[in-house]
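Notes for the one structure printed next.
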Amino acid sequence: MNKKPDNSKLVEAMKQFKAVRTVIFQEEFFKAVVDTAFYVPVSVEKGDSPNKNGKYCALMTSDGKRFLSVFSSPEELEKCYGDRSDIVGILHNFVTIRTIVTNEKSGLDGFIIDSKGENMAILREEMIPKE
């Protein structure tokens, strides 16, 4: 049950889309995003309390935008947070991430995949169905 998800298709799709920014590669990238189980860092309180409260980790850009931080693997998560005991990586699919980001109270502008790796952002507007 604790099998590590294979997100190699996402990583390859990110590399292809960054190298050749065509509509076809963009579609392949978005398809891979939807099929990925992401590692999402959560900051938890230190200590032995069974009622630990966690907060999602967000990144702020130089222009003041806030993005939920997500990762394609535990190794990518470690590049950013090291072996900090107050950060726990939990798995979320795209639907859960979209729900978090598009919540009006979240204050998030999107999410960033592998911030110390491929560093790909998906904006909130790209996650909301067009009318």
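The model shown is predicted, which means the values in this text are computed figures rather than measured ones.
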- Item | Crowding at CG, D63 (>12 non-hydrogen neighbours, <6.0 Å) | yes
- Query: Within a radius of less than 6.0 Å around NZ of K18, do more than 12 heavy atoms belonging to other residues, nucleotides or ligands occur?
  - Reply: yes
- Would you check, one step at a time, whether the test side-chain contact (heavy atoms from CB on, under 4.5 Å) holds for V33 with I122? CA-CA 10 Å; V33 167; I122 296 184; 3.8 Å; yes
- Starting from the C-alpha separation in whole Å, work towards a yes-or-no answer on side-chain contact (heavy atoms from CB on, under 4.5 Å) for Y56 and S43. CA-CA 6 Å; Y56 289 107; S43 173; over 6 Å; no
Does [X] use its side chain to pair, donor to acceptor, with the backbone of [Y] at less than 3.5 Å?
{"X": "T61", "Y": "K65", "value": "yes"}
{"X": "E12", "Y": "K9", "value": "no"}
{"X": "S106", "Y": "L108", "value": "yes"}
{"X": "D114", "Y": "K116", "value": "no"}
{"X": "N7", "Y": "S72", "value": "yes"}
{"X": "D109", "Y": "F67", "value": "no"}

How many angstroms lie between [atom1] in [X] and [atom2] in [Y], if you round to the nearest 0.5 Å?
{"X": "L91", "Y": "F71", "atom1": "CG", "atom2": "CZ", "result": "13.0 Å"}
{"X": "R66", "Y": "I112", "atom1": "CZ", "atom2": "CD1", "result": "12.0 Å"}
{"X": "M127", "Y": "R98", "atom1": "CE", "atom2": "CZ", "result": "9.0 Å"}
{"X": "I97", "Y": "N93", "atom1": "CD1", "atom2": "CG", "result": "7.0 Å"}

- Task: If the plane angle is over 60° it's perpendicular, under 30° parallel, otherwise tilted; pick one for F29 and F17.
- Result: parallel
- Query: Taking the six-membered ring for Trp, are H92 and F111 ring centroids under 6.0 Å apart?
  - Reply: no
State plainly whether one hydrophobic cluster holds both [X] and [Y], where clusters connect Ile, Leu, Val, Met, Phe, Trp and Tyr through side-chain heavy atoms under 4.5 angstrom apart.
{"X": "L68", "Y": "I90", "result": "yes"}
{"X": "Y81", "Y": "V88", "result": "no"}
{"X": "L10", "Y": "V20", "result": "yes"}
{"X": "F30", "Y": "I100", "result": "yes"}
{"X": "Y39", "Y": "V101", "result": "no"}

- Message: Is any side-chain heavy atom of V42 closer than 4.5 Å to one of C57?
- Response: no
- Task: State, yes or no, whether a side-chain contact exists between K15 and V11 at a heavy-atom distance under 4.5 Å.
- Result: yes
What is the minimum heavy-atom distance between [X] and [Y], and which atoms define it?
{"X": "A32", "Y": "T36", "answer": "O-OG1, 2.6 Å"}
{"X": "T102", "Y": "R124", "answer": "O-NH2, 2.7 Å"}
{"X": "V44", "Y": "G54", "answer": "CG1-CA, 4.2 Å"}

- Query: Is the NZ or CZ atom of R21 positioned over F25's six-membered ring, under 6.0 angstrom from the centre and within 45° of the axis?
  - Reply: no
- Task: Decide yes or no on side-chain contact (heavy atoms from CB on, under 4.5 Å) for L59 and S69, but give the supporting numbers first.
- Result: CA-CA 6 Å; L59 302 171; S69 186; 4.1 Å; yes
With a 4.0 Å cut-off on N to O distance, would you call [X] and [Y] a salt bridge?
{"X": "E75", "Y": "K4", "value": "yes"}
{"X": "K79", "Y": "E76", "value": "yes"}
{"X": "E28", "Y": "K31", "value": "yes"}

